[in-house]
A.B. asks: 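What follows is a single structure, and I will ask about it in a moment.
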There are 2 protein chains.
Amino acid sequence: MSRRNTIQRTLVKNAVMAMSCHPTADEIYDEVLKKCPGISKGTVYRNLNRLADEGEIFRVAVANAPDRFDRTACPHCHFLCLRCGQVCDFKLAHDPEIDPALNPGFVVLDYELVINGYCSECAGDDLSAAPRQLS
Amino acid sequence: MSRRNTIQRTLVKNAVMAMSCHPTADEIYDEVLKKCPGISKGTVYRNLNRLADEGEIFRVAVANAPDRFDRTACPHCHFLCLRCGQVCDFKLAHDPEIDPALNPGFVVLDYELVINGYCSECAGDDLSAAPRQLS
DNA sequence: CTCCTTAATAGTAACTGTTGCTGAAAAGAG
DNA sequence: CTCTTTTCAGCAACAGTTACTATTAAGGAG
């Protein structure tokens, strides 16, 4: 009886699955709060970490910003807009090729690729103007 | 006269250049402290961010851990040991291929690839034992 | 070289994202 | 239903980073 199915755990997982963007822990907390007004922030963080550790969701590290979470557990490619901070999926022509022989002794489990640039909405902006803010 | 060459700025940059590993801001602060005992932590952070913004050094985002900095400003591939937290360079057989046509409207500036796994030192450890600690 | 303007600094407080702690609640086995 | 143990809410604490303010010093003008 190691893992219990609590309402809170289910709500956190459902919230991540329902959000097509790549929400931060705080955004997930806000979303879950709508359906379970009494939930604690610690509970959301604890469940997100457990779900990520167990491979059910994926954690995306972003420089100078809080981590984000993603409903797909398999490693893939993300795009980070340096202007508005939005994170979204990105298609690659070819995945990076990881050759174990080039790095002997290393055990590779998965990888994460983050492309930095400007999203289609921000690319046309006057870059000297103030960046648009995420809601 | 927008950018001044201060001793502190030079020391911070030199410290990053001298460290072959991928130090955190805190490790760089400790290193600079040896040569300039009065330097403020805020100064180190400010200079690291400026150097990264200006493209002289590179910032590496790590999930659930402080950001790390790297002397090479060009995008490349890092390995993160999930056990000891060490970050090091990693060789790729082929770089990922980014096709602008697949993601219309997006402006790609650079990318960052993080491989997760176990480093050669940790790969042989009993994974149920306590992880080795970085110095 | 000396003065002056202004960027950069030291020191500290504040802030944000996250985790740890404690007593209470509840999931699930028997 | 009862008991055990995980998980919870609420809160305090923590780590990493940034903001603020008075002070210092870089570097151009004279």
A.B. asks: How close or far is atom C1' of D:dC8 from atom OH of A:Tyr45, stated in whole angstroms?
C.D. replies: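 Nearest whole value for this atom pair: 17 Å.
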A.B. asks: I need the CZ-P distance between B:Arg59 and D:dG16, as an integer number of Å.
C.D. replies: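 Value for this atom pair: 16 Å.
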A.B. asks: Pairing donors with acceptors under 3.5 angstrom, does anything connect the side chains of B:His22 and B:Asp89?
C.D. replies: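 Checked: B:His22/B:Asp89 side chains pair up, N/O donor to acceptor below 3.5 Å.
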A.B. asks: Is the shortest side-chain N/O distance from B:Gln8 to OP1 or OP2 of D:dT24 below 4.0 Å?
C.D. replies: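 No, because none of the side-chain N or O atoms of B:Gln8 sits under 4.0 Å from OP1 or OP2 of D:dT24.
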A.B. asks: Which is more 5' along DNA chain D, the nucleotide nearest A:Gly42 or the one nearest B:Thr6? Just name the residue.
C.D. replies: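 Closest to the 5' end, via its nearest nucleotide, is A:Gly42.
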A.B. asks: Which one, C:dT5, D:dA9, C:dG17, comes nearest to the side chain of B:Arg4?
C.D. replies: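 Between C:dT5, D:dA9, C:dG17, the one nearest the side chain of B:Arg4 would be C:dT5.
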A.B. asks: Among C:dA8, C:dG17, D:dC8, which nucleotide has an atom closest to any side-chain atom of A:Arg9?
C.D. replies: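 The listed nucleotide nearest to A:Arg9's side chain is D:dC8.
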A.B. asks: Can you check the B:Asn64 CG to C:dT16 P distance for me, whole Å?
C.D. replies: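 My rounded result for the distance is 20 Å.
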A.B. asks: So, for B:Tyr45 and B:Ala25, which heavy atoms are closest and what is the spacing to 0.1 Å?
C.D. replies: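 Taking B:Tyr45 first and B:Ala25 second, the nearest heavy atoms are CE2-CB, 3.4 Å.
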A.B. asks: Can you figure out which of C:dA8, D:dC8, D:dT17 approaches the side chain of A:Asn47 most closely?
C.D. replies: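 Among the listed nucleotides, the one closest to the side chain of A:Asn47 is D:dC8.
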A.B. asks: Closest approach to the side chain of A:Pro66, judged atom by atom: which nucleotide of D:dG16, C:dG28, C:dT18 is it?
C.D. replies: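 Given the options D:dG16, C:dG28, C:dT18, the side chain of A:Pro66 is closest to C:dT18.
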A.B. asks: Can you find a side-chain donor-acceptor pair between B:Asp70 and B:His78 that sits under 3.5 Å?
C.D. replies: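 Result is yes, a qualifying pair exists.
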A.B. asks: Any base atoms under 4.0 Å from B:Asp26, or only sugar-phosphate, or nothing? Heavy atoms, all strands.
C.D. replies: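 No contact at all - B:Asp26 keeps every heavy atom at 4.0 Å or more from the nucleic acid.
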A.B. asks: Measure the distance from CG on A:Asn49 to C1' on D:dT7 and round it to the nearest whole Å.
C.D. replies: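 Distance, rounded to whole Å: 15 Å.
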A.B. asks: Report the distance from atom OH of B:Tyr29 to atom P of D:dA15, rounded to the nearest whole Å.
C.D. replies: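 Computing the B:Tyr29:OH to D:dA15:P distance gives 15 Å.
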A.B. asks: Which heavy atom in A:Gly85 sits nearest to a heavy atom in A:Arg68, and how many Å separate them?
C.D. replies: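 Between these two residues, the closest heavy atoms are O-NH2, 3.4 Å.
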A.B. asks: Round to a whole Å and report the spacing from CD1 of A:Ile39 to P of C:dA25.
C.D. replies: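 Atom-to-atom, A:Ile39 to C:dA25, this comes out as 17 Å.
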A.B. asks: Using whole Å, report how far CD1 of A:Ile7 lies from C1' of D:dA9.
C.D. replies: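 Those two atoms, CD1 and C1', are 14 Å apart.
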A.B. asks: Specify the separation, in whole Å, of atom NZ of A:Lys41 and atom C1' of D:dC11.
C.D. replies: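 Computing the A:Lys41:NZ to D:dC11:C1' distance gives 13 Å.
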A.B. asks: Would you kindly compare B:Thr43 and A:Arg46 by the position of their nearest DNA chain C nucleotide and give the one closer to the 5′ end?
C.D. replies: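 It is B:Thr43 whose nearest nucleotide is closer to the 5' end.
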A.B. asks: Should the pair B:Phe79 and B:Phe90 be assigned to parallel (<30°), tilted (30 to 60°) or perpendicular (>60°) ring geometry?
C.D. replies: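 Parallel, since the angle between the ring planes stays under 30°.
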